[in-house]
Amino acid sequence: MTNESCDKPAVMAFEVLKAAIIDGSAARLGRLALAGRRSIETPNYFAATSRGVVPHMTPDNVNKHLQAGGAYMALEDFIEQPQQVVGTVRSPPIYNAPTTELRPRKLHSFTAMPPSVLTVLGARRIPAVPAPMGNSNSSVSVFTSNGFQNLTTKDYHAAIEALRPDIAVPLADLALGAITPTSKRALRMAERTDEWLKAYFTDLNTDSVLRPHGIATFAPVLPIAYSIQWEYLERLSEDLVPANQISGLAVYDPDVVPDMLNGYTNLTPLARLSLATPSTPQQILRQVSLGLDIFVLPFINAVSDSGIAMTFTFPPPPGEPPLREDGTRTLPLGIDLSTPAYKTSLAPFSPSCTCYTCTKHHAAYVHHLLSAREMLGWTLLQTHNHAVMTSFFTSLRATLAEGQASFNDAIRRFTRVYDTEFPAGTGERPRARGYQFKTEHGAKKMNTKPWKKWDDEKIAAVRKAGIAAKLEKKLAKEAQLANGLEGNGVETPLVPEDDADELDHRGFAKIVSLDDTKDK
Amino acid sequence: MWAARRMASAMSASSAALTFELVAKCSTTRARASIMTLPHGPVNLPMFMPVATQASLKGLTPEQLEDTECKLCLNNTYHLGLKPGQEVLDAVGGAHKLQGWDHNILTDSGGFQMVSLLKLANVTEEGVRFLSPHDGTPMLLTPEHSISLQNSIGSDIMMQLDDVLVTTSPDKARMREAMERSIRWLDRCIAAHKNPDRQNLFCIIQGGLDLDMRRECCRGMVARDTPGIAIGGLSGGEAKDDFCRVVGTCTQLLPELKPRYVMGIGYPEDLVVSVALGADMFDCVWPTRTARFGNAVTKFGMLNLRRDVYAADFGPIEEGCGCPCCRPADQEGSMGITRAFVHHNAAKETVAAHLLTMHNVWYQLHLMSGAREAIIADRFPAFVKEFFGRLYPDGQSYPSWAVDALRGVGIDLIQT
Ligand SMILES: [Zn+2]
Ligand SMILES: [Zn+2]
């Protein structure tokens, strides 16, 4: 290790503003500061991206309407080899992205991520698709849009140097999938991760690469028992922290944190990034209590895709929740905009929300967009749901500032008042986008009830002929080939989903008697 | 109904819900620059109207659509009639409120979709008959239904229900029947229209490719004095020469102080030639639809950004374009989007389609505002030559229909 860096500060400063381990809680207030960026108050969250974008959010919308201070990106989203040239290896285009004064980092400039949003680079998406083959001693298996490929430690380190994320998460040897690793496997995970971290600092010298490039390192903490990874953690604590080589910890299992902090107080001042994918606010609160500071939250994207608008607040509203139809007395975490209840609702999703969606639009519009499968529906939900998470963390910090006692009290009330899960969402999801969703196919087919023919000759006569129709077919085929964005290239629903009475009722057309139709 | 009232200036005319002000005329061609003031504000003509079929422009927020400087977009009555339906539209207070759009909206009649998309229609004097797909119940869509729906939508410009035939239909008698019926249906639409003080009803000229029939229709329709006039039935099937002949014939017969709308066209060449022939307004789903297949419309032609050659192309979608995607990376309001980034996400993340939609809409709108500026500066012929010169840099392979049509209004593309 390079000991000359001892007297220099870490690349990223994390300041603990308030911490008190009382009443079984290790929750703390902090501030993450990077040179030239607005600082990030913690606890807080980072957005999870897919292929470098916050799903459904163009960069201008991210800039205007999202307050997320950071975005997590996975290298596996950028390094696929094009199918046409399998056999030859092409340097992934992102490595050649030009930089500008405003976006001096390639990861930022390639993804057009607004400069105000800092980036975290990991090798794999969170959560990652398990690879059929395990990792080797010098590489991990990653899943690109063109299939699995090996990513060597060398290549990963080179990628970090080239792309310059604000925060890099060194490779961890993870056993993905449902099965808990055997203690033998777990021990190898710790050993490999330790080896890889050594290689990381060999390939990426702190003084000549990481510091001048402004890349902070968040060392992985493995999702295995403390007793198995203590040697690895000890090295973090005894070698790397004193040398100011790591700024934070990337935690895959929050339950390791209490033991780790007991064992190594040196690690206490480091920022703790949760990659443990909590899927509800309750799970976030639990992780905050365990001492986690920043959270990567893919569940926001999933909740938006399911047509749910989040409606919870922290602390919860005072008083007992009203009795619900099913006899329970809890508040839902969100509302299902696909249900007919919102057909004509001009109200915002939640009255206190100040997001773009809630101030400029209403539930009826989003209900319509979801029902019509218009992409904007998911954009508006993303805008709102990210805003809800932002204010959740803002008030969480305010409550924590009042003291652990009121924080713990608010958590207890939150747990009592709210449902433990988001509503399932009855609407159709956006079309599965690409390879990461292979196992999730099964979106309902659009209504395919055929029209009965009225008059073949006349139909033939009025059919849109010629170029337009041909073009239509060609485009539809292209869309299918491209695993396109909407159901099988069908633009918009062409066939009414409702029966004649409903169409008549809606003023779309009127029912006529059969006798009446024959003479004309 | 519509009573044309001459304004102080002889160059403008007003009706209850529309003022048309002719700003400039090209001294060579029949191109015009004007301002059409509608209930939700003024719009500059000539213009292209993007199509927000189901009250949403394919993933763009109304705020982003505003950023493209769009002041008038189109909604489809057929789609809004199905979803969310008239009852919801009435409850919500119309399509502007539904989609949070404070600018103008134009709606079609819904008849075109019934006939061409559903392939189900039996058109009778009463209206369009079809069988409900669920139970085979016979149903009828009448001019009165269409107007009632458009009244509920609250569009600034509504279109009459017309008897649409493809222009290539060989049946002359049927074509005449459709043309005459469309005039009768206009009368029914006018009678059914509940809000002439705040919604404009445009007629639609029919008559296929038969110029005499088109002339006859023009006379019949113009006599009914609607605030604006559309030329219908031209959306793709016919030869481009025929298309130009129809547009050129109609514009010559139409009153000068009313907006002229050629329905369903959107290819850049078609727009520029139609402007030269004296048309003011256009709409087409093509620029937004093609965006979802990875296609960028640019002044140098179409680029399919899904092609591998763009994987490492770090130029903007279109060099020199001022849209939020393309303007120089460090400029105010620029997203710094590259072709490589669009390629990276095309057909994989919806964001790529949204970005191309934004660019393509900007391109179409700015093509028309560029034409407008050229008309006002009386340099429209030069604008047309530059436009075609960029698309066909060899200076040779101009499409003959465009050469002929432009020659007819005094522009010779070949001679420089
Ligand atoms: Zn909101
Ligand atoms: Zn552009």
Side-chain angles (χ1 to χ4, degrees), chain A residues 50-51 53 56 58-60 82 93 96-98 100-102 112 343-344 360-361 364-365 368-369 371-372 374-376 379 433-434 449 451-452 454-455 458-459 461-468 475 478-479 482-485 492 494-496 499-500 506-512 514 517 520, chain B residues 53-54 56 59 79 81-88 91-92 98-100 115-122 124 129 131-141 145 148-149 166 168-169 236-237 292-293 308 311-312 314 324 329-330 335-337 340-341 345 347-351 353-355:
Chain A
S50 173
R51 301 188 66 79
V53 301
H56 310 301
T58 49
D60 54 340
N96 302 317
T100 65
E101 206 177 314
L102 204 60
K343 258 185 176 176
T344 58
K360 290 286 195 297
H361 298 285
Y365 187 39
H368 163 70
L369 294 170
S371 147
E374 281 284 341
M375 294 181 280
L376 181 59
T379 303
R433 295 183 305 282
K449 281 189 184 166
W451 285 90
K452 284 183 187 153
W454 181 284
D455 179 332
K458 287 202 171 145
I459 291 161
V462 297
R463 252 173 122 154
K464 215 173 155 223
I467 299 164
L475 291 176
E478 274 184 21
N483 194 7
L485 302 166
T492 38
L494 304 179
V495 178
D499 62 20
R506 290 193 191 177
F508 184 79
K510 71 176 175 192
I511 295 174
V512 289
L514 211 52
T517 63
K520 299 271 157 80
Chain B
T53 300
Q54 308 192 87
S56 142
H79 291 93
L82 290 176
K83 278 179 181 172
Q86 189 164 27
E87 207 172 47
V88 170
V92 167
L98 177 71
Q99 64 205 290
V115 173
S116 69
L117 298 180
L118 289 179
K119 308 171 180 79
L120 54 85
N122 179 24
T124 72
R129 291 169 175 279
L131 299 177
S132 158
H134 287 255
D135 44 17
T137 307
M139 302 199 72
L140 178 68
L141 171 85
H145 277 112
S148 167
L149 258 175
V166 287
T168 45
S169 169
R292 294 199 294 297
F293 303 114
D308 205 57
F314 294 103
D330 282 358
M335 283 187 261
I337 302 299
F341 182 60
N345 277 322
K348 295 199 170 77
E349 283 296 330
T350 58
V351 162
H354 301 167
L355 294 170

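Just so you know, these numbers come straight off a predicted model, no measurement behind them. Chain naming here is simple, since letters A, B, ... match the order of the sequence lines and numbering starts at 1 in each.
- A/Tyr365 places none of its side-chain heavy atoms less than 4.5 Å from the side chain of B/Val92.
- Interface residue A/Lys360: only backbone heavy atoms are found under 4.5 Å from chain B.
- Only the side chain of A/Thr379 comes within contact range of chain B, with at least one heavy atom under 4.5 Å from a heavy atom of that chain.
- In this structure, the portions of B/Ser56 lying under 4.5 Å from any heavy atom of chain A include both its backbone and its side chain.
- Looking at every heavy atom in both residues, B/His79 comes nearest to B/Thr53 through ND1-CG2, 3.2 Å.
- Legend: residues meeting side-chain contact (heavy atoms from CB on, under 4.5 Å) with B/Ala312, ordered by chain and number and at least two apart, are A/Pro93, B/Phe314.
- A/His368 is linked by a side-chain hydrogen bond (donor to acceptor under 3.5 Å, both in side chains) to nothing, counting only residues two or more places apart in sequence or in another chain.
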